[in-house]
Amino acid sequence: QQVCDRVGIYVQGSLIACGTLAELEAQIRTGQESLELLRKMKQEKEELLERRKELQTAAEEKEGLRTEQEQAKAQITEQKEQEEALMKVIHELKDEKGALMPILQKAQDIYGYLPIEVQKMISDETGIPMEKIYGVATFYSQFTLSPKGKYRISVCLGTACYVKGSGDIYNALMEKLGIVGGECTPDGKFSLDACRCVGACGLAPVMMINDEVYGRLTVDDLDDIFSL
């Protein structure tokens with residue numbers, strides 16, 4: 001619509017601008033410039049956020065690398081200390097009669113288990129053949145060739161316990177922990193083993209966690225025990 005030299009712009013019946021044609025053109029150009037400025041500001045904000053995200057990721061990766069390096073350094077230090085402790089034990093005991101058993105016991109105290117590498121060190125330092133060391137380590141139940149968890153779970157599968165359901169408890173634990181007997185959970189928290197007797201047949205079925213005995217168990221008791 002036009003009145004004299006002024007023009008009105010209507011949208012759905014509502015007047016949104018009024019002025020001369022030149023004034024309206026100037027307003028339109030200003031609006032377009034404002035929109036362009038807003039688009040640039042939005043793009044700059046997105047780029048800034050993306051850059052901030054990249055910097056944060058880089059910082060996290062750097063921190064993760066530093067943590068890994070520190071963990072590796074600590075592990076190397078621990079391994080060196082363990083080896084030094086084992087060498088000291090071997091040199092103190094190797095000339096005694098029947099030295100192998102106490103050396104293996106001390107070695108397991110130091111490492112927590114008896115991996116092949118430890119057995120080889122004992123063999124090299126004592127002159128005892130590897131097959132004999134391995135035979136002793138696998139014959140006696142007190143020794144283990146795999147690492148144990150912070151919480152060592154042992155389920156009795158002896159006759160008195162087995163007939164009262166310890167097999168079901170053992171299977172339920174394997175499912176719950178996601179490991180099989182003789183293994184340790186990836187976080188090193190739990191390990192699971194079967195044993196033949198813990199000397200508590202009157203409490204059958206029996207399970208031990210470290211040195212604590214749990215008797216007259218059912219599968220339903222496991223959740224309560226693990227929640228403690």
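In what follows, every heavy atom counts, from backbone to side chain, and hydrogens, waters and symmetry copies are set aside.
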Would you check, one step at a time, whether the test side-chain contact (heavy atoms from CB on, under 4.5 Å) holds for R196 with T159? CA-CA 8 Å; R196 289 302 167 187; T159 303; over 6 Å; no
Full working for side-chain contact (heavy atoms from CB on, under 4.5 Å) between F143 and V136: CA-CA 9 Å; F143 299 124; V136 172; 4.3 Å; yes
side-chain contact (heavy atoms from CB on, under 4.5 Å) between Y214 and L222, worked out: CA-CA 10 Å; Y214 296 84; L222 296 178; over 6 Å; no
Given side-chain contact (heavy atoms from CB on, under 4.5 Å), test E183 with L177 step by step and report yes or no. CA-CA 10 Å; E183 290 185 345; L177 298 174; over 6 Å; no
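In this structure, E60 places its CD atom where more than 12 heavy-atom neighbours from other residues, nucleotides or ligands lie under 6.0 Å away. Shown here is K164, whose NZ atom has no more than 12 heavy atoms of other residues, nucleotides or ligands within 6.0 Å.
In this structure, the side chain of N171 engages the main chain of G167 through a donor-acceptor pair within 3.5 Å. Using modelled atom types, one side-chain atom of S191 and one backbone atom of G149 make a donor-acceptor pair closer than 3.5 Å. The closest donor-acceptor contact from the side chain of D193 to the backbone of S154 lies at 3.5 Å or more, if one exists at all. Using modelled atom types, one side-chain atom of T126 and one backbone atom of I122 make a donor-acceptor pair closer than 3.5 Å. With hydrogens and angles ignored, the 3.5 Å screen pairs no side-chain donor or acceptor of E92 with any backbone N or O of V89. Within the 3.5 Å criterion, the main-chain N or O of T144 finds a donor-acceptor partner in the side chain of Q108. Of the possible polar contacts, none joining the E44 side chain to the R39 backbone as a donor-acceptor pair under 3.5 Å is found.
A distance of 12.5 Å separates CE in M41 from CD in E36, rounded to the nearest 0.5 Å. In this structure, CD on Q119 lies 12.0 Å from CG on D124, to the nearest 0.5 angstrom. With rounding to the nearest 0.5 Å, the separation of CG in L35 from NZ in K42 is 12.0 Å. The NZ atom of K40 lies 12.0 Å from the CD atom of E47; values are rounded to the nearest 0.5 Å. Atom CD of E125 is separated from atom CE of M87 by 4.5 Å, given to the nearest 0.5 angstrom. L55 CG to K62 NZ: the interatomic distance, rounded to the nearest 0.5 Å, is 11.5 Å.
Taking both residues in full, the closest heavy atoms of Y113 and L145 are given as CD1-O, 3.4 Å, listed atom of the first, atom of the second, then distance. Nearest heavy-atom pair across I209 and Y151 is CG2-CB, 4.1 Å. Looking at every heavy atom in both residues, S166 comes nearest to V155 through O-CG1, 3.8 Å. The two residues S123 and P129 come nearest to each other via the heavy atoms OG-C, 4.0 Å. I90 and M121 make their closest contact through CD1-O, 4.3 Å (heavy atoms, listed as atom of the first residue, atom of the second, distance). Closest approach of C197 to C156, counting heavy atoms only: CA-SG, 3.8 Å.
Under the 4.5 Å side-chain heavy-atom criterion for ILVMFWY residues, a single connected hydrophobic cluster contains both F139 and I133. Hydrophobic clustering keeps L203 apart from Y170 (ILVMFWY residues linked when any side-chain heavy atoms are closer than 4.5 Å, directly or through intermediates). The hydrophobic clustering, which links ILVMFWY residues whose side-chain heavy atoms are closer than 4.5 Å, places M101 and Y134 together. Linking Ile, Leu, Val, Met, Phe, Trp and Tyr whenever their side-chain heavy atoms come within less than 4.5 Å leaves L173 and V213 in two separate clusters. Linking Ile, Leu, Val, Met, Phe, Trp and Tyr residues whenever their side-chain heavy atoms come within less than 4.5 Å places I110 and Y140 in a single cluster.
Proximity of P205 to I169: side-chain heavy atoms (C-beta onward) are separated by under 4.5 Å at one or more points. With a 4.5 Å cut-off on side-chain heavy atoms, E50 and E54 count as touching. Using a 4.5 Å heavy-atom cutoff, the side chains of D223 and K176 are in contact.
Side-chain contact annotation: D224 with S227, donor-acceptor N/O pair under 3.5 Å absent. Side chains of T185 and D187: a donor on one and an acceptor on the other come within 3.5 Å.
Between Y111 and the choices K106, E83, Q79, the side chain to side chain contact (heavy atoms under 4.5 Å, CB included) rule is met once, by E83. Evaluated for a side chain to side chain contact (heavy atoms under 4.5 Å, CB included) with M207, the options D221, V198, L192, L217 yield exactly one hit, L217.
For the pair K150 and F190, the cation-pi test (distance below 6.0 Å, angle within 45°) is failed.
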